[in-house]
J.: 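Right, I'll just put the structure down here and ask away after.
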Amino acid sequence: MANSVRHLYVHVPFCARRCSYCDFSIAVRSSVPVASYVEAIALEIVRHDTQRWDLDTIYLGGGTPSRLGAGVADVVKIVRDRASVAGDAEITIEANPDDVTPEDAAAWSEAGVNRVSLGAQSFDPAVLEWMHRTHSVPQVPAAVETLRAAGITNISLDLIFALPDSLSRDWSADLDRTLELEPEHISLYGLTIEPHTPLGRWRARGQVVEAPEERYETEFMMAHERLGAAGFEHYEVSNFGRPGRRSRHNSSYWTGEPYAALGPSAHSFDGNVRSWNVSAYADWERRLRSAESVVAESESLSEENRLSERVYLGLRTTDGLRATDAEIAVARPWVDAGWAEILNRTIVLTATGFLRLDALAASLTLAGSR
Ligand code: SF4
């Protein structure tokens, strides 16, 4: 279908409490207003030209989509009722281990959810407590088992690395525990301390100090080597997949494809213009019920934006950046330094190159703009 939209992101903002490092757009609720949220999604979707949606991926992110429980199935049904969804579509939800019950996992599977991104983060109880996570260590393997028993066999585990020295976190042991669970995909996040988070306040009071840069590098390279030896492809700077198990949804972001979006703070891209919704849940819901626009802002990509995105996104994955002669000339010294390879006129960063992604992308963009 010409000009079709093949990817949909749905933002589910609810969390039981805010994790110490989190600066995402969330709504902290001890009791989730599932029915109101689902109704609001139904009100938002009719504002879109869903005739053009020919979906290959649907991704419910958050927040914590699993907090909707069986309401996840209602959201997926609303989408299916309005849009064409491929028979083999990748339908992912993000889940916290403590939300995964046999009943909800069965409802998700029945609705067509076939991939779950599980927020494991660490297998050290003291670390989970420090992060203000709501789950316990044993709930991670239990959730994996429950999902598989429900027929959801494409499981990604999220892990956070580069934690403060004071936690004495054993990264190697956490990688071992992760591999024991035999996930299909693993996403890594290097901890950054944002000012408007509990962690930012702890740092301001001198109660916590960021991990030194060398440990960020050591842990990143340890993951690269250990997961690679276990059969994972380090296909994107923060993501590892077994062959054939790359995230199809996230890959659409990295290749610059258009995507639609629903939910508070959700961002969409039509190939030229990026738009994003108002972020506060109550505001988003009120606007939908009073027929006001929920779009907070939009911006057209300038030529300069396009140039830098092409470079930055291209270098993020092992598909690499199809390069001009001038770009190849800039990248030659990176090959000597072990940061990149040039294959068929395509610049592909190595793992040590991924560690320098921002600097390398900036120098390439600068050279291109001269
Ligand atoms: S569960 Fe995720 S979105 Fe919610 S507070 Fe924690 S890190 Fe943020």
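Keep in mind it's a predicted model, so treat the numbers as computed, not measured. Note that ligands are numbered from 1 as they come in the structure, with each ligand's atoms numbered from 1 the same way.
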J.: What protein heavy atom lies closest to atom 6 (Fe) of ligand 1? Include the residue and the distance to one decimal.
T.: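 Residue, atom and distance for the closest contact: Cys19 SG, 2.3 Å.
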J.: Quick one, Phe220 with His234, criterion ring-ring contact (aromatic ring centres under 6.0 Å, His included). Give me CA distance, side-chain angles, the key distance, then yes/no.
T.: CA-CA 11 Å; Phe220 181 87; His234 190 176; 5.4 Å; yes
J.: What distance separates Ile152 CD1 from Ile93 CD1, expressed to the nearest 0.5 Å?
T.: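 The distance works out to 6.5 Å.
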J.: Short list, please: which atoms of ligand 1 are under 4.0 Å from a heavy atom of Ile26?
T.: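 Counting atoms of ligand 1 from 1, those under 4.0 Å from Ile26 are 3 (S), 5 (S).
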J.: Hey, which of Ile91, Thr92, Asn154, Leu60 is the one that makes side-chain contact (heavy atoms from CB on, under 4.5 Å) with Val113?
T.: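 Passing option: Ile91.
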J.: List ligand 1 atoms under 4.0 Å from Phe24, heavy atoms only on the residue side.
T.: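 Heavy-atom distances to Phe24 below 4.0 Å select 3 (S), 8 (Fe).
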J.: Is ligand 1 less than 4.0 angstrom away from at least one heavy atom of Gly63?
T.: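 Yes, Gly63 has a heavy atom closer than 4.0 Å to ligand 1.
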J.: Answer with yes or no whether His132 contacts ligand 1, where contact means a heavy atom under 4.0 Å from a ligand atom.
T.: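 Not so, His132 does not reach ligand 1.
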J.: Assess Cys22: does it contribute an N, O or S atom lying under 2.8 Å from atom 8 (Fe) of ligand 1?
T.: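 Looking at Cys22, which is the residue asked about, there is an N, O or S atom under 2.8 Å from atom 8 (Fe) of ligand 1.
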J.: Counting from 1, what ligand 1 atoms have a heavy atom of Asn96 closer than 4.0 Å?
T.: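 This gives 1 (S) as the contact atoms.
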J.: Taking the basic N atoms (NZ, or NE/NH1/NH2) and the acidic carboxylate oxygens, is any pair closer than 4.0 Å for Arg246 and Glu233?
T.: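 Salt bridge present between Arg246 and Glu233.
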J.: Given that the side chain starts at C-beta and the backbone is N, CA, C, O, which of these parts of Arg133 lies under 4.0 Å from ligand 1, counting heavy atoms, or is it both or neither?
T.: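 The answer is the side chain.
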J.: Ion pair present between Asp283 and Arg286, side-chain N to carboxylate O less than 4.0 angstrom?
T.: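 A salt bridge is present here (some side-chain N lies under 4.0 Å from a carboxylate O).
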J.: Any idea which atoms of ligand 1 are less than 4.0 Å away from a heavy-atom of Arg17?
T.: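 Near Arg17, the atoms of ligand 1 are 5 (S).
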J.: Mark yes or no: Arg6 above the aromatic ring of Tyr259, with NZ or CZ under 6.0 Å from the six-membered ring centre and no more than 45 degrees from the axis.
T.: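 No, a cation-pi geometry is absent between Arg6 and Tyr259.
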J.: Closest heavy-atom contact between Gly190 and Phe161?
T.: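 Of all heavy-atom pairs spanning Gly190 and Phe161, the closest is N-CE2, 3.2 Å.
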J.: Does any N, O or S atom of Cys15, backbone or side chain, fall under 2.8 Å from atom 6 (Fe) of ligand 1?
T.: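 No, since none of the N, O or S atoms of Cys15 sits under 2.8 Å from atom 6 (Fe) of ligand 1.
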J.: I'd like to know if the side chain of Thr146 and the backbone of Val100 have a donor-acceptor N/O pair within less than 3.5 Å.
T.: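 No, because the side chain of Thr146 does not come within donor-acceptor range (under 3.5 Å) of the backbone of Val100.
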J.: Need the ligand 1 atom indices (1-based, order shown) with element for anything under 4.0 Å from a heavy-atom of Thr64.
T.: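 Heavy-atom distances to Thr64 below 4.0 Å select 1 (S), 4 (Fe).
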